[in-house]
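Sequence lines set the chain letters: A, B, ... in the order given, protein chains first and strands last, and positions in each chain run from 1.
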Number of protein chains: 2
Amino acid sequence: MSHATHITAGSVVLAELRRAIATGELTPGQQLVQESLAERFGVSRVPLREALQVLEAEGQVVHQVHRGYFITELSLPDLIEVYRLRAVLEAEAARVAVPLLTDDDVEALAELAARIEDASEAGEVGAMIEANRAFHFTLIDAAAMPRLSRLVASLWDATDVYRSVYYGSATNRERVDHEHASIMAAIRNRNATTLIGELDAHREHAVAELSAIVR
Amino acid sequence: MSHATHITAGSVVLAELRRAIATGELTPGQQLVQESLAERFGVSRVPLREALQVLEAEGQVVHQVHRGYFITELSLPDLIEVYRLRAVLEAEAARVAVPLLTDDDVEALAELAARIEDASEAGEVGAMIEANRAFHFTLIDAAAMPRLSRLVASLWDATDVYRSVYYGSATNRERVDHEHASIMAAIRNRNATTLIGELDAHREHAVAELSAIVR
DNA sequence: GGTTCAAGGATTGTATCCAATCCTGAGTAG
DNA sequence: CTACTCAGGATTGGATACAATCCTTGAACC
């Protein structure tokens with residue numbers, strides 16, 4: 001029996017909340033009224049609160065006793081810190097992963113890069129976000145450091161609120177495609193130093209664009 | 001995060017559980033039966049589960065649907081990964097913090113180092129663990145990167161289960177004191193490179209000892 | 001007009017109760 | 001003797017009900 005077979009109300013609500021945050025349906029600063037959300041998802045407040053507590057631990061929402069849960073508002077210093085920590089951790093992941101990459105891994109990465117491009121040209125923002133995440137985490141997971149993957153994932157989650165806005169721009173989507181091509185080239189060459197440089201540039205461009213959005 | 005002024009049943013239970021884990025009262029692999037714990041803390045199962053969910057998000061306990069919560073068992077690869085991630089993140093913290101350190105910070109660090117030594121000689125393991133954590137996080141917090149502090153804290157928490165065993169040994173306590181002296185010297189000289197080297201050595205010795213314990 | 005303060009409703013925190021699932025162990029068949 | 005089956009209790013997941021706290025609103029007072 002696998003874990004996924006046990007669908008619990010709390011996990012369903014958690015997934016729904018994640019989606020709502022990622023799509024921008026729930027906007028930063030907004031209060032999450034427990035009764036309304038519970039009714040909307042067709043569950044009681046108990047599993048709803050369970051999901052909210054998980055999101056709080058991840059920093060996606062903030063909690064104030066007797067006042068409630070609110071979607072986290074990312075400040076500019078916050079955003080910059082998230083990307084700085086990503087730089088540190090993803091560099092480590094790349095360093096470890098490159099020597100471990102199998103040909104199958106590289107193949108999978110190339111295919112994901114292609115899927116991103118397709119979604120990008122079609123303007124399918126949701127599909128692009130998903131494929132993009134799969135692309136980057138295929139590389140990160142290749143380092144075979146599960147805790148590292150989890151930490152980086154939580155940092156990605158922290159900026160999910162703004163990701164849909166970022167990919168909404170065709171200019172941004174096009175630049176991302178070019179950067180992914182450079183990243184793939186470094187991966188194919190098994191050159192960790194170059195790869196880390198490309199990843200850093202990739203992130204720098206994103207943080208520059210996002211800085212404008214946050215304000 | 002909840003204001004300290006408003007103590008909620010869940011937060012009390014959470015603190016108690018943390019203490020019980022840190023002191024080794026709850027041992028790795030052990031099941032946490034909700035009813036018993038709730039009764040022991042004098043609360044219902046609702047706030048207890050709330051605390052358990054927080055600990056699960058932090059990786060201190062694991063959860064299996066319809067089976068319950070268990071104290072996490074740290075595998076050797078896990079332990080090594082935790083310390084490797086700490087090395088990466090704490091090095092970054094040190095790099096950022098050193099130029100920002102005020103004389104007051106250095107003073108506070110020196111005082112904490114002294115407190116650690118006192119507790120070490122007196123064999124007060126609990127006090128030593130607490131002062132040691134305060135010492136290291138005074139340095140880390142000086143980097144003024146709150147998310148970085150949180151990530152590192154979660155990595156420290158992950159090995160809390162074994163910390164009391166580690167500090168139970170007088171040999172270990174004595175070595176730690178010497179290492180802290182070297183760390184303080186590097187801090188006083190505002191030499192980030194030396195400091196990072198000392199911190200790395202400090203951690204390497206700990207992971208070597210802990211590896212033996214895990215097995 | 002501005003400030004203080006006290007209801008009352010709105011919202012969250014917690015306890016209690018019921019439902020769903022798991023685990024144990026006795027019994028049975030092979 | 002071993003493997004399987006299937007109650008019955010033990011334990012967790014979730015819903016409802018109640019208590020504690022907060023927030024708004026409006027009136028009294030300066």
- Side-chain atoms of B/R45 come closest, of C/dT14, C/dG13, C/dC17, to C/dC17
- Base, sugar-phosphate, or nothing for A/L32, non-hydrogen atoms under 4.0 angstrom? sugar-phosphate
- Item | Euclidean distance, atom CD of residue A/E56 to atom C1' of C/dT12 [Å, nearest integer] | 14 Å
- Item | Verdict with supporting geometry, B/T102 and B/D105, side chain to side chain donor-acceptor pair (under 3.5 Å) | CA-CA 5 Å; B/T102 66; B/D105 287 332; 3.2 Å; yes
- Could you give the start and end, 5' to 3', of the contact zone on DNA chain D for chain A, using atoms under 4.0 Å from its heavy atoms? D/dG13 to D/dC23
- Message: Could you tell me how far apart B/E50 (CD) and C/dT12 (P) are, to the nearest whole angstrom?
- Response: 13 Å
- Salt bridge flag under 4.0 Å for residues B/R133 and B/D157: yes
- Message: With a 4.0 Å cut-off on N to O distance, would you call B/E121 and B/R173 a salt bridge?
- Response: no
- Item | Gap between atoms CD and P, on B/Q64 and C/dC22 respectively (whole Å) | 11 Å
- Query: According to the interplanar angle, ranging from 0 to 90°, do the rings of A/H180 and A/F135 count as parallel (below 30°), tilted (30 to 60°) or perpendicular (above 60°)?
  - Reply: tilted
- Note on the structure: Rounded to whole Å, the CD-P distance (B/E35 to C/dT16) equals 11 Å
- Query: Between A/R95 and A/E92, is there a salt bridge with N-O shorter than 4.0 Å?
  - Reply: yes
- Parallel, tilted or perpendicular for B/H6 and A/H66, by the 30°/60° rule? perpendicular
- Query: When you match A/R67 and A/G42 each to their closest nucleotide on DNA chain D, which lands nearer the 5' end?
  - Reply: A/G42
- Could you state the atom-to-atom distance from CD of B/Q34 to C1' of C/dT14 in whole Å? 15 Å
- Message: Angle between the end axes of the helix from C/dG1-D/dC30 to C/dG30-D/dC1, five pairs per end, to the nearest 10 degrees?
- Response: 10°
- Using side chain to side chain donor-acceptor pair (under 3.5 Å) as the criterion, list what pairs up with B/Q34, not counting sequence neighbours. B/R45
- Carefully, step by step, assess B/E16 and B/R40 under the rule salt bridge (Lys or Arg N to Asp or Glu O under 4.0 Å). CA-CA 11 Å; B/E16 275 302 308; B/R40 168 171 157 186; 5.6 Å; no
- Message: Could you tell me how far apart A/R49 (CZ) and C/dT14 (P) are, to the nearest whole angstrom?
- Response: 7 Å
- Task: Using the ring of A/Y166 (Phe, Tyr or Trp, six-membered ring only), decide whether A/R163 places NZ or CZ under 6.0 Å from its centre and within 45 degrees of its axis.
- Result: no
